[in-house]
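Just so we're on the same page: letters track the sequence lines, and every chain starts at 1. Values reported hereafter were calculated over all heavy atoms of this structure, with side chains retained and with hydrogens, waters and symmetry mates removed.
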Number of protein chains: 2
Amino acid sequence: MELQEAKEKFISTWGTLGSLWGINKAMAQIHALLFISPNPLSMEDIMEALEISRGNASMNLRGLMDWGIVYKVNVPGERKEFFTSEKDVTELSRQIAKERSRRELQPTIKILKEVSSIEDDGTAATKEFIKQTKAMHDLADTADTMMNRIVSQEQNWITKTLVKFLK
Amino acid sequence: MELQEAKEKFISTWGTLGSLWGINKAMAQIHALLFISPNPLSMEDIMEALEISRGNASMNLRGLMDWGIVYKVNVPGERKEFFTSEKDVTELSRQIAKERSRRELQPTIKILKEVSSIEDDGTAATKEFIKQTKAMHDLADTADTMMNRIVSQEQNWITKTLVKFLK
DNA sequence: TTTAACTTTCAAATAATTTTGAAAGTTTAA
DNA sequence: TTAAACTTTCAAAATTATTTGAAAGTTAAA
């Protein structure tokens, strides 16, 4: 396999995989392209490489910047904007974990807490509902805590220790 | 808030959240319904509660059984089939982690290994590609190992220890 | 300023996914 | 057996998500 083929395979795999972390195909592919590119790319470059429209490129680049994993860079002497991605996989996963917690886990935890707090009227249906939603709340809360700690900057030492321990 | 409202809120939240672990709305809602129901439900019950068609119920119940988190149960004296979900959240997350690893992580790791093994021709583009896809491979591999260990039955003690440690 | 280069927005078009419902298939009671 | 009760399948319909492209908006060189 040579570079071009490998590149295409990587980008397309990353694209279909986007759903694993909740983003669409074009967005994941733009990220993949930037991730393996040795230098920043312009919107033009991205449109051409992925055969997508200008609007698509623009919107998804903004989405990636909102996720905090793609940045604008200024290339001296160039009028247009260039983009580059977070290249450090540790920082990348930290950022993704942080955003997923904020966007998905935390709102869910809030609702679980809410619904599990209904008054117990003594019926089987209510008892089961409270028991199960409480259990789910505790699970989500623990998962959120672990996720945030494991990927947090300050506690990075623990991650390394853990990884070694678990390997 | 009373039971009916709380139930609806839980089921609908779980539905939109399905994407977090890669399943569709109806599937997630069926799971939510079974998860809080004190007794097994028939396909009829599910269709009625969620206002979905027979075909939809049938296909998604099968999907949930494929994930290993919903089971058929036999209710004595009843002709039709009844369904119940995994009620233990620990077992539930273990099962989901196991399936996601098998369905998504492992195939990805395989491709990352493949594409990162292209021959280094010395160009900047190739060097960057190999470096970045290798880093991604290592990350995915570590994540897979951790995930599997953390949720594995045999090593359950470590989970508890860890959770305490990190809290 | 003016204007050309560039970026964003968003309604409409396209594509992908999900849902329906009825026919085909299966099971079990009589 | 037969037939009623029940489940599955799958093509077509409905819904949802994504993408396009051109007009509007912005920026900066001249």
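- Going from atom CD of B:E44 over to atom P of D:dT8 covers 13 Å, rounded to whole Å.
- Residue B:N74 contributes atom CG, which lies 13 Å from atom P of D:dC6 at whole-angstrom precision.
- As a whole-Å value, the separation of A:R62 CZ from C:dC6 C1' is 16 Å.
- The CD atom of A:Q29 sits 9 Å away from the P atom of D:dT19 (whole-angstrom rounding).
- The nearest whole Å value for the distance from the CD atom in A:E78 to the C1' atom in C:dA5 is 12 Å.
- Of the N and O atoms on the side chains of B:D120 and B:T126, not one donor lies less than 3.5 Å from an acceptor on the other residue.
- One atom, CD of A:E81, and another, C1' of D:dT26, lie 10 Å apart when rounded to the nearest Å.
- Note: NZ (A:K80) to P (C:dA4) measures 18 Å, nearest angstrom.
- The cationic atom of A:R103 (NZ for Lys, CZ for Arg) lies less than 6.0 Å from the six-membered ring centre of A:W67 and within 45° of the ring axis.
- Partners of A:K87 under the side-chain hydrogen bond (donor to acceptor under 3.5 Å, both in side chains) rule, at least two apart in sequence or in another chain, are B:E128.
- Residues A:I69 and A:H31 have side chains in contact (heavy-atom distance under 4.5 Å, counting atoms from C-beta outward).
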| query | Which nucleotides of nucleotides 18-30 of chain C have their base under 4.0 Å from a protein heavy atom (B), which only their sugar-phosphate (S), and which neither (-), written as one string 5' to 3'? | reply | SSBB-----BB--

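- One interatomic measurement links the two molecules: CE of B:M65 to P of D:dT8, which rounds to 6 Å at whole-angstrom precision.
- In this view, B:S42 and B:D45 satisfy the side-chain hydrogen bond (donor to acceptor under 3.5 Å, both in side chains) rule, not counting sequence neighbours.
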